> 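Structure in structure tokens, see below.
Reminder, nothing fancy here: chain letters follow the sequence lines and each chain counts from 1. The structure displayed is predicted, hence computed values, not measured ones.
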Amino acid sequence: MHDIKWIRNNAAMFDQAMERRKLSGVADKAIELDKARRDHVAKLQELQTQRNNASKAIGKAKASGDEAVAQAAIAKVADIKKAIQQGEETERNLTETLNNYLAQLPNIMSDDVPDGADEDENIEMHKVGEPKIFDFEAKQHFDLGEALGQMDFETAAKMSGSRFVILSKDLARLERALANFMLDLHTDEYGREEVVVPLLVNANALEGTGQLPKFEEDMFKTTDGKYLISTSEVSLTNLVRETVLQENELPKRYTSYSNCFRSEAGSAGRDTRGMIRQHQFTKVEMVSITHPDKSEEEQMLMLESAELVLKRLGLAYRVVRLCSGDIGFSSKRTFDLEVWLPGQNMYREISSVSTCGDFQARRMGARFKTSAGKTNFVHTLNGSGLAIGRTMVAILENYQTKDGDIEIPEVLHSYMGGKKVIKAIK
RNA sequence: GGAGAGGUGGCCGAGUGGUCGAAGGCGCACGCCUGGAAAGCGUGUAGGCGGUUUUCCCGUCUCGUGGGUUCGAAUCCCAUCCUCUCCUCCA
């Protein structure tokens with residue numbers, strides 16, 4: 001949520017920023033709504049002043065037993081009452097209109113976000129590792145998983161429909177191994193606090209992080225008005241909702257392993273096969289709450305952690321800087337990690353590391369108190385570290401053998417009970 | 001799910017229609033006292049919005065949240081959220 005005061009004072013700059021998001025005339029519109037509201041509030045307050053003064057006089061008159069004076073005064077202010085009631089309702093409407101307008105405006109992007117229409121214009125920062133070359137034709141993960149008899153889309157479809165999967169045996173354990181491996185890395189080596197979060201949240205929480213009001217169709221909603229989280233970024237970031245932290249409590253670094261639920265409303269037909277795009281998946285998420293001066297370096301630290309997961313797993317990947325056309329609603333700047341998938345013969349997104357500046361903090365009322373005693377909004381960051389399903393896809397495709405075995409990356413051996421390879425069925 | 005109780009400032013807690021944004025206490029800040037500290041004494045101590053263009057002042061709103069009644073609401077009414085107790089159910 002943007003600060004209307006700031007928009008008022010920096011209209012041109014704000015418009016420029018929104019232009020990059022393909023929105024025009026935003027500042028004028030916001031200022032117009034704000035002006036209408038403020039003009040109205042000024043009038044309303046004038047009426048309230050009259051009423052308050054009159055009421056005080058009535059109180060005094062009654063206290064001194066001067067009933068006649070009191071009655072006269074009451075008669076005099078009676079008609080102000082109606083005007084105030086109407087005025088209050090109008091104020092509510094004007095405020096709501098302004099807030100609704102502001103709530104659907106995306107964050108201002110950082111200057112270093114490149115212009116671009118879509119993901120094709122993202123900028124590659126660096127590559128790590130070489131895409132694996134096989135002396136046989138690399139299979140896609142779903143062929144490998146189904147051949148192992150440990151990845152079952154058909155049975156899942158019977159009970160849940162499309163975009164669900166059932167993992168069993170070694171692949172089920174691999175899910176757990178990956179989660180543990182990632183959580184251990186983030187907690188033990190980076191000091192992030194592990195959290196188990198609610199998967200069902202109310203609309204306020206989602207408005208705080210920016211999934212609402214614009215992207216309701218992406219969410220699953222329960223009959224009692226709650227929503228399944230699309231990422232535990234929502235729950236983790238909302239940990240500091242409506243709080244005032246002490247400056248020395250910053251940064252707060254959280255990590256969580258959770259299920260995520262997405263309706264994938266806009267992606268019918270995309271990635272219909274396999275585990276790449278599911279209605280339900282798991283993810284280890286990182287969220288940081290920082291001092292405004294520290295969010296830049298925090299994003300680099302978060303990126304480093306996510307990269308380290310891929311490095312330890314021996315997976316080739318590249319880091320891209322998202323362009324203006326691909327960056328998310330709440331983000332100021334996003335780096336995506338794309339892992340190499342031999343079966344698909346391309347890089348696919350496996351993590352996204354974003355800084356939101358104070359955008360989410362404003363929406364949530366997440367603040368901190370400076371040593372000088374001032375309260376100020378914190379900065380929030382989030383990043384996947386990593387999406388488990390897609391990591392499994394990457395392992396299957398990168399560690400497949402000609403016979404259809406899956407070698408298990410060394411760092412996972414201990415998490416897999418010493419198992420080093422998942423053998424194909426002969 | 002049923003019955004009841006309750007949500008007041010950083011914290012505790014008083015306040016059932018009239019100068020209540022709110023007694024008192026704790027905490028905190030400053031000052032006095034002290035060799036220094038504690039104790040004691042004194043003073044001060046919420047936030048949002050708008051105006052003023054400011055280290056001052058004015059208005060307004062805020063006693064879980066949202067409505068309503070009233071000239072006037074922390075106080076009355078309705079709705080809603082949350083917390084606690086008992087019962088029921090349950091992993």
> Side-chain donor-acceptor pair under 3.5 Å between S232(A) and K283(A), yes or no?
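Result is no, nothing qualifies.
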
> Starting at atom NZ of K60(A), determine the distance to atom C1' of G72(B), rounded to an integer number of angstrom.
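Rounded to whole Å, this separation is 14 Å.
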
> Which residues pass the ring-ring contact (aromatic ring centres under 6.0 Å, His included) test with H279(A), not counting sequence neighbours?
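Partners of H279(A) under the ring-ring contact (aromatic ring centres under 6.0 Å, His included) test: F164(A), F220(A).
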
> Rounded to whole angstrom units, what separation is found between the NZ atom of K43(A) and the C1' atom of G51(B)?
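The distance from NZ of K43(A) to C1' of G51(B) comes to 16 Å, rounded to the nearest Å.
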
> Would one find a side-chain N or O of R8(A) under 4.0 angstrom from OP1 or OP2 of C49(B)?
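No, no such contact exists.
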
> Tell me: CG of L44(A) to P of G51(B), nearest whole Å?
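Result: 15 Å.
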
> Within this structure, what is the NZ-to-P distance between K369(A) and G47(B), rounded to whole angstrom?
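In whole Å, G47(B) P and K369(A) NZ are 7 Å from each other.
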
> Please tabulate the protein-to-nucleotide N/O contacts below 3.5 Å involving nucleotides 14-16 of chain B, giving atom names and distances.
none

> Could you state the atom-to-atom distance from CD1 of I74(A) to C1' of G72(B) in whole Å?
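Distance check: I74(A) CD1 to G72(B) C1' gives 9 Å.
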
> Within the sub-3.5 Å range, which N or O atoms of nucleotides 67-69 of chain B have a protein N or O partner, and how far apart are they?
from	atom 1	to	atom 2	distance (Å)
G67(B)	OP1	R92(A)	NE	3.3
G68(B)	OP1	R92(A)	NH2	3.4
U69(B)	OP2	Q85(A)	NE2	2.5

> Determine: side-chain N/O of K5(A) to OP1/OP2 of G50(B), distance under 4.0 Å, yes or no.
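For G50(B), OP1/OP2 do have a side-chain N/O of K5(A) under 4.0 Å.
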
> Just the rounded figure in Å: distance from P of A46(B) to CD of E242(A).
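Distance check: E242(A) CD to A46(B) P gives 22 Å.
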
> Rounded to whole angstrom units, what separation is found between the CZ atom of R37(A) and the C1' atom of G50(B)?
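Distance, rounded to whole Å: 9 Å.
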
> Identify, with sequence neighbours excluded, every residue that meets side chain to side chain donor-acceptor pair (under 3.5 Å) alongside D34(A).
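D34(A) satisfies side chain to side chain donor-acceptor pair (under 3.5 Å) with R8(A), R38(A) once adjacent residues are dropped.
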
> Please classify the nucleic acid contact of V77(A) as base, sugar-phosphate, or nothing, using heavy-atom distances under 4.0 Å.
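Sugar-phosphate: the residue V77(A), judged by heavy atoms under 4.0 Å, touches backbone atoms but no base.
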
> Which atom names give the shortest non-hydrogen contact between S258(A) and V197(A), and what distance separates them?
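The answer is CB-CG2, 4.4 Å.
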
> Between the protein and nucleotides 54-60 of chain B, list every N/O to N/O distance that falls short of 3.5 Å.
from	atom 1	to	atom 2	distance (Å)
G59(B)	O3'	T49(A)	OG1	3.2
G59(B)	O2'	T49(A)	OG1	3.0
G59(B)	N2	Q45(A)	OE1	3.1
G59(B)	N2	Q45(A)	NE2	3.3
U60(B)	OP1	N52(A)	ND2	2.9
U60(B)	O3'	Q48(A)	OE1	3.2
U60(B)	O2'	Q48(A)	OE1	3.2

> Scan side-chain atoms only and decide if Y415(A) and D184(A) contain a donor-acceptor pair under the 3.5 Å cut-off.
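There is such a pair between these side chains.
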
> Set out, line by line, the N/O atom pairs under 3.5 Å between protein and nucleotides 62-65 of chain B.
none

